[in-house]
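See below for the structure under consideration.
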Amino acid sequence: MSLIQLSKNQSLHAALLLPVTNSVGAHLRRHFSSTETDTRTLTIETSVPYTGHKLEPPSRSVETTQKELLTFFREMSLMRRMEIAADSLYKAKLIRGFCHLYDGQEAVAVGMEAAITKKDNVITAYRDHCIYLARGGTLVGAFAELMGRRDGCSKGKGGSMHFYKKDSGFYGGHGIVGAQTPLGCGLAFAQKYLKEEHVTFTLYGDGAANQGQLFEALNMAALWDLPVILVCENNHYGMGTAEWRAAKSPAYYKRGDYVPGLKVDGMDVLAVKQACKFAKEHVLKNGPIILEMDTYRYHGHSMSDPGSTYRTRDEISGIRQERDPIERVRKLILSHDFATEKELKDTEKEVRKEVDDAIAQAKESPMPDPSELFTNVFVKGLGADAFGVDRKEIRTVLP
Amino acid sequence: MASDVTRRIGIVGGTAWRWRGARRMSTSTSTSTSSAAKTKSSSGSTKKEVNLFTAINQALHIALDTDPRAYVFGEDVSFGGVFRCTIGLAERFGKNRVFNTPLCEQGIVGFAIGLAAMGNRAISEIQFADYIYPAFDQIVNEAAKFRYRSGNQFNCGGLTIRAPYGAVGHGGHYHSQSPEAFFCHVPGVKVVIPRGPQQAKGLLLSCIRDPNPTLFFEPKSLYRLAVEEVPENDYMLPLSLAEVIREGRDITLVGWGAQLSAMEEACKEAEKDGISCELIDLRTLLPWDKETVEASVKKTGRLLVSHEAPVTGGFGAEIAASVAERCFLRLEAPVARICGLDTPFPLVFEPFYLPNKNKILDAIKSTVKSSRSCVFARQQNIWLALMHPFCPHKQKQPVTGLIESGRPDSGPTVQPAPSADHPVQQ
């Protein structure tokens with residue numbers, strides 16, 4: 001389906017495409033240098049055209065490079081592997097609490113990250129593991145947090161639903177459906193006030209799209225022209241309820257009414273990248289926009305949901321075969337001889353090992369100190385008391 | 001397009017969501033689900049062993065069966081709900097009376113108030129009590145004051161909000177909270193919490209049929225764990241009436257919901273030490289049965305209250321204050337409150353946070369022993385008692401209690417390790 005054209009001035013060097021050595025496969029991500037891989041841009045057309053609401057959609061032609069495609073492949077494989085490992089850790093009762101997995105939706109996290117900088121903010125709901133990873137989080141930080149260990153990204157105090165990474169503008173996982181959307185407006189207002197030309201991506205799901213808070217957020221964002229991109233990750237099921245059972249109009253990109261919207265194939269990482277780039281430029285000039293990412297989660301809503309009672313197994317396997325974001329990139333890479341099948345398999349093996357090593361390391365991490373139960377309730381220095389059961393014997397001034 | 005695929009495939013049938021791996025719910029019986037489906041309402045007074053969610057399911061079946069103007073709705077309820085409480089309702093009563101709502105708690109409750117205002121019984125479900133806060137305004141400002149501010153022209157008395165509350169062992173911040181105290185501050189709503197299947201069925205039916213808006217918090221840790229004989233027929237238990245579930249002489253314990261099981265264990269342990277405890281299930285928190293509690297405290301002279309919610313501003317404070325007002329001269333020891341800590345509900349520290357059996361037992365012992373040996377305290381002369389050289393009240397003054405907390409070996413349970421970063425107040 002995809003069309004490829006090399007950029008005019010670079011087509012002369014087409015021959016350089018072919019010699020991809022084995023050593024490339026061994027050091028795919030972040031080890032590339034310009035000598036090892038091809039940095040020439042090529043243009044690929046997205047599988048599905050964008051649909052706009054009150055705006056002119058961007059072009060279907062997306063520019064990319066060999067390096068970027070290989071990076072995408074690796075990052076998405078890493079996320080997929082991480083989520084599958086989290087699934088087994090949960091079943092082994094090493095992860096407690098609630099756990100919502102992202103597999104299937106990887107293209108949204110990776111594509112978005114490719115279009116923005118770490119100065120831009122991202123805020124999401126509780127399906128946050130992979131967004132954290134995309135924002136530069138470490139596997140150990142993720143697994144340690146999942147298992148409630150000290151080295152977790154929230155010091156083991158948050159768990160699956162509460163990943164944060166302040167240094168790269170990841171304002172984290174929020175537990176209550178839709179509650180993060182007005183927060184995103186506040187973040188964007190602060191950015192606008194500072195005139196730093198940065199934007200906030202506020203992610204929510206198709207279930208949260210029916211929360212009243214979203215509409216309050218939309219109004220404020222539009223009223224004050226805030227640089228906020230409301231990203232609806234439409235995986236078509238709000239918990240166990242299909243979108244059309246819960247929403248009068250499942251065209252979420254149109255539901256902002258006066259806020260322009262764009263419908264994007266959220267299973268196509270390049271389409272997501274292009275859309276996020278477009279959206280960032282748009283909001284800095286014109287105020288808020290809704291991006292509806294048409295995506296799919298393979299797992300159930302949470303670990304207690306097998307995910308197969310309100311949808312058929314055929315539906316899931318159909319999407320896996322036809323729209324899987326990783327397979328799409330794999331096909332692109334193979335069709336352009338950017339890597340061999342074996343090299344991609346090797347990447348997956350490395351990723352697997354990386355995940356296993358991270359789990360082993362996270363398991364070594366100790367539980368947080370019991371005194372951490374009392375910390376971070378109030379700010380240090382306020383002298384606020386935390387009381388134990390009887391207000392006398394277990395009493396501490398909060399640090 | 002996936003959305004088209006979704007539309008084509010009719011998605012029907014019950015979900016099989018389970019609260020997997022819940023430590024305290026290991027005794028779940030899958031057979032009881034099917035037995036509940038077979039249960040016919042108002043079919044004599046036969047009893048059957050069922051668990052909590054089945055008892056609630058029976059009550060909902062009866063409520064819908066006996067009142068054609070009763071409705072059940074909430075997130076995922078037509079599939080049976082995440083805790084299986086609404087299983088079989090949609091099939092039996094149809095999609096016009098049992099239906100899913102979008103994920104919008106404020107909308108659910110507001111909608112329910114409107115439905116009830118037209119004279120219907122609106123039985124709405126908030127999937128977890130932790131999600132009730134978006135609906136807080138609707139409950140506090142709309143539901144509770146509807147009758148009052150309209151001069152009794154309108155009301156939403158048919159409104160019942162069901163919500164699972166409380167700890168389950170691994171629920172973390174947003175699936176474990178006990179928000180009952182917030183709503184006990186709101187005149188105009190009733191707050192009811194059952195302790196087990198039999199109570200749940202009778203109390204839920206009372207709530208549904210009560211002419212006031214009611215909040216019914218279900219202890220989710222007991223959904224599968226608690227199994228007891230429940231009459232299959234339609235029965236109601238009175239609201240605002242506490243129940244003495246264990247009689248004793250030395251101390252009164254007041255609690256509700258799942259916390260009663262920890263309290264009961266503590267009572268049994270205390271009995272081995274010769275302390276006879278009276279245990280009261282408050283059942284309805286608002287308006288609550290002061291008389292039963294007062295009578296008991298006047299008999300025993302001591303009171304301990306216990307709940308999972310944080311101690312400060314918890315409903316235990318209200319009970320303690322009322323008892324101090326009503327029974328001051330009969331009290332032989334300060335009222336003990338064994339509750340959750342004043343922290344957000346923790347993830348890995350849940351065992352520290354919870355007011356477990358040992359914390360309660362320690363408090364029972366210290367409350368009883370501190371006053372038992374003091375002849376002056378028994379005569380309610382606290383000043384004489386404090387002047388007495390052997391009076392144990394002296395050592396139990398709050399000031400000395402504070403000093404004790406600095407010692408690493410003192411304190412029965414959680415002792416935050418003193419360090420440079422986390423100094424314990426000396």
Side-chain angles (χ1 to χ4, degrees), chain A residues 93 96-98 148 156-159 161-162 175-178 207-208 210-213 236 238-247 250 294 296 303-306 309-312 315 318-319 323 367-375 377 386-397 399, chain B residues 1-3 5-7 9 11 13-21 75-76 79 100 102-104 106-107 131 170-175 311-312 336-339 341-344 346-349 352-353 355 359 363 398 401-402 404-405 410-411 413-417 419 421-425:
Chain A
K93 295 198 175 179
R96 309 308 306 270
F98 278 63
K157 293 173 80 169
M161 305 204 292
H162 310 284
I176 301 296
V177 171
N210 300 317
Q211 282 275 0
Q213 298 193 70
H236 303 285
M239 298 194 288
T241 304
E243 53 175 354
W244 58 272
R245 288 177 186 269
D294 179 355
Y296 200 82
M303 298 310 297
S304 48
D305 165 23
T309 45
Y310 47 84
R311 54 187 189 181
T312 58
E315 180 186 316
I319 300 234
R323 297 182 62 208
M367 289 291 181
D369 191 273
S371 64
E372 284 286 333
L373 171 57
F374 293 95
T375 62
V377 183
F387 297 108
V389 284
D390 56 1
R391 294 179 71 89
K392 292 193 289 283
E393 291 179 17
I394 305 158
R395 177 172 171 164
T396 179
V397 174
Chain B
M1 300 298 295
S3 59
V5 174
T6 315
R7 277 169 189 283
I9 303 161
I11 296 158
T15 48
W17 291 22
R18 281 192 298 118
W19 189 292
R20 194 175 290 165
E75 291 160 14
D76 291 339
F79 302 132
N100 282 350
L103 310 191
C104 50
Q106 188 172 12
Y131 308 167
H170 65 296
H173 313 300
Y174 292 135
H175 296 90
V311 60
T312 302
R337 285 188 286 161
I338 305 302
C339 308
L341 304 183
D342 283 334
T343 68
L347 179 68
V348 289
F349 292 131
F352 293 116
Y353 172 91
K359 290 183 189 180
L402 276 179
E404 277 174 9
S405 70
S410 73
T413 42
V414 188
Q415 188 64 50
S419 69
D421 289 331
H422 313 117
V424 172
Q425 191 180 8

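Because only heavy atoms are used, hydrogens play no part in the values below, and waters and symmetry mates are left out as well, while side chains stay in. Letters A, B, ... are given to chains in the order of the sequence lines, protein chains preceding strands, and every chain is numbered from 1.
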- Message: Just so I understand: if I count every heavy-atom pair under 4.5 Å between each of A/Ala247, A/Gly156, A/Pro368 and chain B, which residue has the most?
- Response: A/Pro368
- Minimum heavy-atom distance between B/Leu347 and A/Gly159, given as atom pair plus value: CD2-CA, 3.4 Å
- Query: Got a second to check how far A/Ile176's CD1 is from B/Tyr174's OH, nearest 0.5 Å?
  - Reply: 6.0 Å
- Item | Results of side chain to side chain donor-acceptor pair (under 3.5 Å) for A/Gln211 - residues two or more places apart only | B/Glu105
- Message: Can you give me the closest heavy-atom contact between A/Asp369 and B/Phe349, atom names plus distance?
- Response: O-CZ, 3.2 Å
- Query: Which residues satisfy the side chain to side chain donor-acceptor pair (under 3.5 Å) test with B/Tyr131, sequence neighbours excluded?
  - Reply: B/His175
- Separation between CE (A/Met239) and CG (B/Leu103), nearest 0.5 Å, reads 4.5 Å
- Message: Which heavy atom of B/Pro102 sits nearest to which heavy atom of A/Ala246, and what is that distance?
- Response: CG-O, 3.2 Å
- Query: To the nearest 0.5 Å, what is the distance between CD (A/Glu372) and OG1 (B/Thr343)?
  - Reply: 12.0 Å
- Looking only at non-hydrogen atoms, find the nearest pair between B/His173 and A/Lys157 and report the distance. NE2-O, 2.6 Å
